[in-house]
Amino acid sequence: MTELIVPTQAAAPAAESGLMVRAEQVHKSFGPLEVLKGIDLEVRAGEVCCLLGPSGSGKSTFLRCINHLEKINAGRIWVDGDLIGYRERGGKLHELRDKEVAAQRQAIGMVFQRFNLFPHMTALANVMEAPLRVRKPKAKPEEPKEQPQEPAEPVQASKKQARKAKDEVRERALALLARVGLADKVNNYPGQLSGGQQQRVAIARALAMQPKLMLFDEPTSALDPELVGEVLEVMKDLARDGMTMIVVTHEIGFAREVGDHLVFMDGGVVVEQGNPREVIANPRHDRTKAFLAKVL
Ligand code: ADP
Ligand code: MG
């Protein structure tokens, strides 16, 4: 296993410079297979970054590293100024505890190619699940200790609080489902929804944790062609609303129209990047040309 390399130069404070994501020399191997060979990438807050590249180039692995679903072997990733997975102290990196990693991951929404909805839950329950699980109200309402105990039973007070919290989560979930155009499907189970509708539920579910960053991994690749548009529309709407997004996609039209930045990856390295319209119209690198010729 490669040792985590701490770059010697001082790192720019990402949050102050308006960066939502900053990756610096990210390396990732699976056993002897080096999948990411030093990825540098920056995504500004509010930007849509489209990540393109042939199958096996490491796009999914890179997204998973940002979300700490995979541990990197070297390099560093910051999201909104926070170093993912580590704390820096005395020039050394210390691994965060599971709880701290979980907190970092909550701030990052992820949508996969396969919708990964809970099949035994309605659309509404799917969207409510994470906020309910994470924000479970404490057993007792928090009160300053010095205060005299109220005669009212604390059990009832906490039940009431729990109900109120659940109502709020439900209201937000209903609003999110309406936002992705599924106000009339909230009580449907995934099996009763089309692929496009399921993917829109998955987007609403990712938004339920109020993430500051959304990662999309080929969100339309598993869909029948006639269902792709409705999912892209929801993503466009999110982009217009200022959400910072990294989108792995082969939808060149989306990259050209919605993307602020395009990154082309091949063989675990960034081969070329720039303004999507410029890169698509005038790819400089042979590998980018060959890839675009296939997907355009
Ligand atoms: P992409 O998303 O660009 O198609 P991936 O990131 O999925 O590429 O995969 C890059 C390479 O890493 C592939 O060769 C793949 O087989 C390998 N890989 C991905 N995940 C694992 C894993 N958990 N264990 C071993 N190899 C993996
Ligand atoms: Mg992939």
Side-chain angles (χ1 to χ4, degrees), residues 1-4 21 23-43 48-77 79 84-85 95 98 101 105 108-117 195 198-199 202-203 206 213-225 227-228 231-232 235 245-255 258-259 261-274 276 279-280 283 285-296:
M1 177 123 154
T2 328
E3 210 176 295
L4 196 87
V21 181
E24 199 176 88
Q25 282 302 300
V26 171
H27 289 257
K28 173 68 188 172
S29 299
F30 294 105
L33 180 68
E34 193 178 22
V35 172
L36 301 178
K37 302 173 182 169
I39 301 285
D40 290 313
L41 187 132
E42 290 186 347
V43 183
V48 176
C49 173
C50 292
L51 193 52
L52 272 68
S55 180
S57 56
K59 306 179 300 294
S60 296
T61 302
F62 182 59
L63 285 195
R64 293 168 60 80
C65 289
I66 296 174
N67 202 10
H68 212 282
L69 286 169
E70 301 286 358
K71 239 184 215 174
I72 62 180
N73 300 111
R76 296 202 263 190
I77 301 174
V79 172
I84 292 294
E95 283 194 25
D98 290 352
V101 170
R105 290 190 50 203
I108 304 171
M110 186 145 178
V111 176
F112 302 87
Q113 184 174 344
R114 298 258 157 222
F115 330 119
N116 299 345
L117 297 175
Q198 288 184 56
Q199 193 59 306
I203 295 172
L213 169 69
M214 285 283 284
L215 308 175
F216 292 86
D217 194 356
E218 301 201 34
T220 59
S221 297
L223 298 176
D224 291 336
L227 303 177
V228 168
V231 173
L232 292 181
M235 292 166 62
M245 300 165 40
I246 303 183
V247 185
V248 174
T249 185
H250 292 176
E251 295 290 334
I252 300 299
F254 177 86
V258 185
H261 194 68
L262 184 151
V263 174
F264 176 72
M265 259 175 83
D266 195 7
V269 297
V270 172
V271 172
E272 181 165 353
Q273 58 180 311
V279 175
I280 292 165
H285 211 284
D286 284 345
R287 285 194 270 176
T288 322
K289 285 180 195 166
F291 175 81
L292 288 173
K294 271 188 218 152
V295 294
L296 274 173

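Since this is a predicted model, take the numbers as computed values, not measurements. Ligands are counted one by one from 1 in listed order, and the atoms in each one are counted from 1 as well. All values below were derived from every heavy atom in this structure, side-chain atoms included, with hydrogens, water molecules and symmetry-related copies excluded.
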for atom 14 (O) of ligand 1, nearest protein heavy atom and its distance come out as L33 CD2, 3.9 Å

S57 heavy atoms within 4.0 Å reach ligand 1 at atoms 1 (P), 3 (O), 8 (O)

Quiz item: Any N/O/S atom of Q113 sitting less than 2.8 Å from the Mg ion (ligand 2), backbone or side chain?
Solution: no

- [ ] Indicate whether the side chain of E34 and that of S29 have a donor and an acceptor atom separated by less than 3.5 Å.
- [x] no

Can T288 and V271 be said to form a side chain to side chain contact (heavy atoms under 4.5 Å, CB included), step by step? CA-CA 8 Å; T288 322; V271 172; 4.0 Å; yes

* To do: Verify the neighbour count for atom CG of D224: are there more than 12 heavy atoms of other residues, nucleotides or ligands below 6.0 Å?
  => yes

The closest protein heavy-atom partner of atom 7 (O) of ligand 1 is S60 CB, 3.6 Å

Ligand 1 contacted by P54 (non-hydrogen, < 4.0 Å)
yes

Worksheet item: Parallel under 30°, tilted from 30 to 60°, perpendicular over 60°: which one fits the rings of F291 and F264?
Response: tilted

Looking only at side-chain N and O atoms, does D217 offer a donor or acceptor that is under 3.5 Å from a partner on S60? yes

### Query
Is any N or O atom of G58, backbone or side chain, closer than 3.5 Å to an N or O atom of ligand 1?
yes

Notebook entry, point to check: Are there protein heavy-atom neighbours of atom 16 (O) of ligand 1 below 4.0 Å?
Noted result: no

Within a strict 4.5 Å, meaning less than it, do heavy atoms of the V263 and L52 side chains meet? no

Under 3.5 Å, N or O to N or O, is V35 touching ligand 1 that way?
no

shortest atom 4 (O) of ligand 1-to-protein heavy-atom contact is with G56 N, 2.7 Å

CA sep, side-chain torsions, deciding dist, call: M265, L36, side chain to side chain contact (heavy atoms under 4.5 Å, CB included):
CA-CA 10 Å; M265 259 175 83; L36 301 178; 3.8 Å; yes

re atom 27 (C) of ligand 1, the protein heavy-atom contact at minimum distance is F30 CD1, 3.3 Å

For ligand 1, is S55 a contact, meaning one of its heavy atoms is under 4.0 Å away? yes

| said: Before you tell me yes or no, could you show the steps for K71 and E95 under salt bridge (Lys or Arg N to Asp or Glu O under 4.0 Å), namely the whole-Å CA-CA distance, both residues' side-chain angles and the distance that decides it to 0.1 Å? | reply: CA-CA 10 Å; K71 239 184 215 174; E95 283 194 25; 3.1 Å; yes

I want to know if ligand 1 touches T61 in the polar sense, i.e. an N/O pair below 3.5 angstrom. yes

